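First comes the structure, then the notes that go with it.
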Amino acid sequence: MKIQIFDDHTDLAFDVADMLCRQIARKPDSVICFAAGTTPLSAYNIFTTLVETDAVDCRHITLIGLDEWVGIPPENTGSCAWFLRRTLIKPLNLSADRFRLFDGMSVDLDSECALMDEYVSGCGGIDLMVVGIGMNGHIGFNEPGGSPVLRSHVTPLNDVTSTVGQKYFTEKTELTKGITLGLGHLQDAANVILMASGENKARIMRETLEGEISIDVPASIVRKHRNSHVLMDQAAASLLSRRD
Ligand code: GLP
């Protein structure tokens with residue numbers, strides 16, 4: 001695991017955008033899993049701008065959406081699908097055969113999970129996962145106390161996730177379940193970037209990086225990954241005992 005601390009959120013975002021460009025230059029048909037959320041938004045915007053200005057060829061990449069709120073349609077501006085379509089799929093002009101997102105409205109969520117797992121295997125696995133961290137240490141919707149080996153699955157959301165998740169929605173929304181890639185996918189991915197930004201992530205970043213590696217803090221599993229990269233701004237790193 002490599003840890004990098006940046007002066008601020010913008011520096012962090014530029015670095016992640018640059019890493020994405022380098023990944024695609026190295027492997028034009030990269031399979032990249034993207035999280036939605038507040039943390040990666042600037043990085044994605046910088047990335048899509050760089051793609052345009054530097055003519056990065058994204059025609060052969062495959063995009064995979066990390067997770068989705070169950071029961072929330074893709075037209076809802078709080079859905080992960082809406083976020084990924086607006087910030088990445090549309091600006092990158094990805095055709096329908098170049099991405100897969102979970103359908104949180106599916107009447108058969110088990111099949112939805114199986115289809116995602118088949119899609120990931122059919123692509124030959126994930127080259128890079130770009131993930132954020134929840135206030136409770138979750139990655140995607142891999143909540144504390146889940147399983148470190150699961151692949152796609154549906155999970156009840158804990159209270160922290162349902163409460164914090166309201167920030168994505170324009171009106172109060174019932175959030176009870178999530179559908180998500182699993183930590184099994186994360187462990188198998190060739191590379192992982194975990195981003196954390198802001199003072200409100202400082203406590204969980206200390207637990208993630210300095211506490212025990214445990215499913216009680218799902219993000220701590222990145223410490224076991226052979227090629228993981230943790231990028232934080234100063235605020236998110238502010239409670240670490242060592243910051244040099
Ligand atoms: C959400 C999502 C995650 C996201 C995390 C952090 O609930 N399920 O995929 O990475 O929480 O989100 P944010 O970046 O908005 O803090």
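Computed from a predicted structure; not experimentally measured. Both counts, for ligands and for their atoms, begin at 1 and track the order of listing.
Comment: Asp233 does not engage Lys201 in a salt bridge, judged by the lack of any side-chain N to carboxylate O separation of less than 4.0 angstrom. Between Arg100 and Glu112 a salt bridge is recorded (basic side-chain N to carboxylate O distance below 4.0 Å).
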Would you be so kind as to tabulate the donor-acceptor pairs closer than 3.5 Å made by side chains of residues 49-56, with sequence neighbours excluded?
{"from": "Thr49", "atom 1": "OG1", "to": "Asn45", "atom 2": "O", "distance (Å)": "2.8"}
{"from": "Thr53", "atom 1": "OG1", "to": "Thr49", "atom 2": "O", "distance (Å)": "3.1"}
{"from": "Thr53", "atom 1": "OG1", "to": "Leu50", "atom 2": "O", "distance (Å)": "3.4"}

Measure from every N or O atom of ligand 1 to the protein's N or O atoms and keep only the pairs below 3.5 Å, writing each with atom names and distance to 0.1 Å.
{"from": "ligand 1", "atom 1": "7 (O)", "to": "His138", "atom 2": "NE2", "distance (Å)": "3.2"}
{"from": "ligand 1", "atom 1": "8 (N)", "to": "Asp67", "atom 2": "OD2", "distance (Å)": "2.8"}
{"from": "ligand 1", "atom 1": "8 (N)", "to": "Gly140", "atom 2": "O", "distance (Å)": "3.0"}
{"from": "ligand 1", "atom 1": "9 (O)", "to": "Asp67", "atom 2": "OD2", "distance (Å)": "2.9"}
{"from": "ligand 1", "atom 1": "11 (O)", "to": "His138", "atom 2": "NE2", "distance (Å)": "3.0"}
{"from": "ligand 1", "atom 1": "12 (O)", "to": "Tyr168", "atom 2": "OH", "distance (Å)": "3.0"}
{"from": "ligand 1", "atom 1": "14 (O)", "to": "Thr38", "atom 2": "N", "distance (Å)": "3.3"}
{"from": "ligand 1", "atom 1": "14 (O)", "to": "Thr39", "atom 2": "N", "distance (Å)": "2.9"}
{"from": "ligand 1", "atom 1": "14 (O)", "to": "Thr39", "atom 2": "OG1", "distance (Å)": "2.5"}
{"from": "ligand 1", "atom 1": "15 (O)", "to": "Thr38", "atom 2": "N", "distance (Å)": "2.8"}
{"from": "ligand 1", "atom 1": "15 (O)", "to": "Thr38", "atom 2": "OG1", "distance (Å)": "3.1"}
{"from": "ligand 1", "atom 1": "15 (O)", "to": "Lys167", "atom 2": "NZ", "distance (Å)": "2.8"}
{"from": "ligand 1", "atom 1": "15 (O)", "to": "Tyr168", "atom 2": "OH", "distance (Å)": "2.5"}
{"from": "ligand 1", "atom 1": "16 (O)", "to": "Lys167", "atom 2": "NZ", "distance (Å)": "3.3"}
{"from": "ligand 1", "atom 1": "16 (O)", "to": "Lys201", "atom 2": "NZ", "distance (Å)": "2.6"}

Worksheet item: Given Cys33 and His185, is the side chain to side chain contact (heavy atoms under 4.5 Å, CB included) satisfied, shown in steps?
Response: CA-CA 10 Å; Cys33 169; His185 287 119; over 6 Å; no
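Evaluation of the side chain to side chain donor-acceptor pair (under 3.5 Å) test over residues 60-73, restricted to residues two or more places apart or in two chains, returns Thr62-Arg98.
With sequence neighbours excluded, no residue satisfies side chain to side chain donor-acceptor pair (under 3.5 Å) with Thr77.
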